[in-house]
Structures are given as C-alpha cells and as structure tokens.
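Below is the structure I would like to discuss, written out as structure tokens.
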Amino acid sequence: MNEPWIERWQEGRTGWHEPTGNGNLQAHWKWSGRRVLVPMCGKTVDLLWLEQQGNEVVGVELSEIAVLAFFEENGIEYESVDGSLPGYQAVGRQISLYCGDYFNFTDGPFDAHYDRGALIALQADLRPRYARHTSSLLTDDAAQLVITVEYDQAVCDGPPFSLVSEEVTGHWPRLQRHAVIDDTENAPPKFLEAGLEVIHEVVWIAS
Ligand SMILES: C[S@@+](CC[C@H](N)C(=O)[O-])C[C@H]1O[C@@H](n2cnc3c(N)ncnc32)[C@H](O)[C@@H]1O
C-alpha cells in the first residue's frame, strides 16, 4: 500500500507536484490564524503559501525524500521535534512536517484542513479510513478546503481517482461544492493518452 509511493519518490515519478503551488488553494482559501493539517503533503509549496497567510502549518508525508526535499529546495533550516511520527520543525517558522504513515499520526487538534492530492490519491477502500482519521484530528468546526477530480473513470483509472459528490459529502457532510474548474490541460499524460477528453477539478469548502 505504501511501497508504491516510496518507490515513486525514489524514482522521481512525482508528476503531481506543482512548482508554483495550487491555483485553487490561492483562489479559495480565506483563513488565517489557524493550525492547518496538510495530510500526504509531498513537498508542496502550498505549505509556504498557507504559512504566508498567517497560519501554523503541519504536513504529514510518508517519504523522507519528499520531506527533506521540501526543506532543501526552499532553503529552510529545520530541527528535529518529537511527535507521534518523527518531526521536522522549520527553524523560526510556522511549518513542521512529520514523516511516516499518516494513519499513525495523532498530534491533533487542528482547526483547518487542506487536502489536495490526498483523498483522491487513495483507492476506494482506503478513503473512508482516511476521512475518519482526518476527522479525528479536526475540531468540530474546522475549516476545510478539499480538492477532488471528476472524469470518466471508464476511460482511464486513477490515481488520481474520480470521486462523485455523494462520496465526498458522505465523508465530510459539512463540505459544500464551491467551484468547478476545467483542468484538462493539466491532466496526467496517461489520461490524455487513454483518450480522456475532459477532467474537472472540484473545490469543496467547509467553513
Ligand atoms: C498525489 S501525491 C500529492 C502530494 C501533495 N499533496 C501535493 O499536492 O503535491 C500523494 C502523496 O501522499 C503520500 N502518501 C501516500 N500514502 C501516504 C500515507 N499513508 N501517509 C503519508 N503520506 C502518504 C505520497 O508519498 C505522496 O507524496
């Protein structure tokens, strides 16, 4: 279950990484002063953007290659911190990353949650467990921004997996469908090669 992700990082197969961050996060996130949980964060620069908005940011990532690359590529010093997983705290900053299996991370609570490429990266049978575990780390009124994708999964299989609305609101009933963006031009090459003609990114918000 975890090994394919470890191998992807070892082999540099990280096509999902967005060097300038996620446009939908930047367009739709509206909270500051929060403690933000970013599960399965990879080395996303969204962590920096969320910190710039005045939040404390905590990422959790399986691959140590990704965690170390985040600090190195952004020229950030870090020090070790204790936690339910090995932790890396950015010196003098409001960013920390924890390295290991997200399902073993228990250092809540958080009053905000950002999910891009986490829920939709997981096989269907794992998604309910992911959502329950995330909810266990969030306050009841936590802000959430969750990004999903929608496409014809009969043409091509994930990841990223296509999620119907009912599944998303089944996991987190407070989420509301906030924006739908044609993201076909950024679709993984395997989707376009398989003949997929359209893929939408959907932004879900709970506030
Ligand atoms: C599709 S990538 C998205 C990364 C990041 N959210 C982004 O937007 O760039 C999914 C990430 O989840 C990580 N991952 C997968 N399973 C995990 C687990 N059980 N615990 C922690 N991280 C996990 C992978 O290593 C990978 O970096």
Side-chain angles (χ1 to χ4, degrees), residues 1-29 36-51 55 57-74 83-88 95-108 110 112-137 144-149 151 156-163 171 181 183 186-191 199 201-204:
M1 188 167 61
N2 290 342
E3 199 52 36
W5 292 108
I6 297 286
E7 283 171 12
R8 275 176 169 269
W9 280 104
Q10 285 168 343
E11 294 163 11
R13 291 186 291 117
T14 56
W16 63 78
H17 179 70
E18 298 176 305
T20 58
N22 186 270
N24 283 318
L25 170 70
Q26 294 164 22
H28 300 290
W29 182 271
V36 186
L37 173 64
V38 187
M40 305 186 183
C41 61
K43 60 172 185 177
T44 179
V45 296
D46 293 338
L47 301 167
L48 299 173
W49 189 88
L50 286 163
E51 183 201 36
N55 299 290
V57 187
V58 177
V60 186
E61 168 56 43
L62 191 60
S63 165
E64 192 181 33
I65 293 175
V67 169
L68 297 180
F70 171 78
F71 290 111
E72 189 168 318
E73 290 175 14
N74 296 296
S84 49
L85 296 175
Y88 302 71
I95 300 177
S96 46
L97 299 192
Y98 289 86
C99 187
D101 191 332
Y102 177 59
F103 295 104
N104 295 329
F105 176 78
T106 55
D107 301 324
F110 294 85
H113 165 222
Y114 169 54
D115 181 318
R116 184 260 171 187
L119 178 65
I120 62 172
L122 301 174
Q123 299 277 351
D125 58 347
L126 202 51
R127 295 197 291 263
R129 184 177 167 212
Y130 166 79
R132 278 196 307 274
H133 184 62
T134 300
S135 296
S136 78
L137 297 168
Q144 288 181 277
L145 192 155
V146 177
I147 298 175
T148 61
V149 289
Y151 62 88
C156 187
D157 201 9
F161 296 100
S162 183
L163 268 66
H171 294 318
I181 299 98
D183 198 39
N186 298 316
K190 70 171 180 180
F191 282 11
I199 176 165
E201 210 166 60
V202 185
V203 181
W204 298 85

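Both ligands and their constituent atoms are indexed starting at 1 by order of listing. Hydrogens, waters and symmetry mates play no part in the numbers below; they use all other heavy atoms, side chains included.
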Which heavy atom of Tyr130 sits nearest a heavy atom of Pro39, and at what distance? OH-CG, 3.4 Å

Give me the ring orientation class for His133 and Tyr102: parallel if the planes are under 30° apart, tilted from 30 to 60°, perpendicular past 60°.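 His133 and Tyr102: perpendicular rings.
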
Any pair counted as side-chain hydrogen bond (donor to acceptor under 3.5 Å, both in side chains), so long as it reaches residues 60-69, sequence neighbours left out: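 Residue pairs passing side-chain hydrogen bond (donor to acceptor under 3.5 Å, both in side chains), neighbours aside: Glu64-Tyr88.
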
Taking non-hydrogen atoms within less than 4.0 Å of ligand 1, which protein residues qualify?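 For ligand 1, the contacting residues are Asn2, Trp5, Trp9, Trp16, Met40, Cys41, Gly42, Thr44, Glu61, Leu62, Gly100, Asp101, Tyr102, Arg116, Gly117.
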
Show which side-chain atoms of residues 3-12 pair as donor or acceptor with protein atoms under 3.5 Å away, not counting sequence neighbours.
from  : atom 1 : to    : atom 2 : distance (Å)
Arg8  : NH1    : Arg13 : O      : 3.2
Glu11 : OE1    : Arg13 : NE     : 2.8
Glu11 : OE1    : Arg13 : NH2    : 3.0

Do Gln144 and Asp115 have side-chain heavy atoms sitting under 4.5 Å apart?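 Answer no - side chains too far apart.
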
Which residue pairs pass the salt bridge (charged side-chain N to carboxylate O under 4.0 Å, His left out) test with at least one member in residues 40-51, sequence neighbours excluded?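 Applying salt bridge (charged side-chain N to carboxylate O under 4.0 Å, His left out) to every pair that reaches into residues 40-51, excluding sequence neighbours, yields Lys43-Glu73, Glu51-Arg93.
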
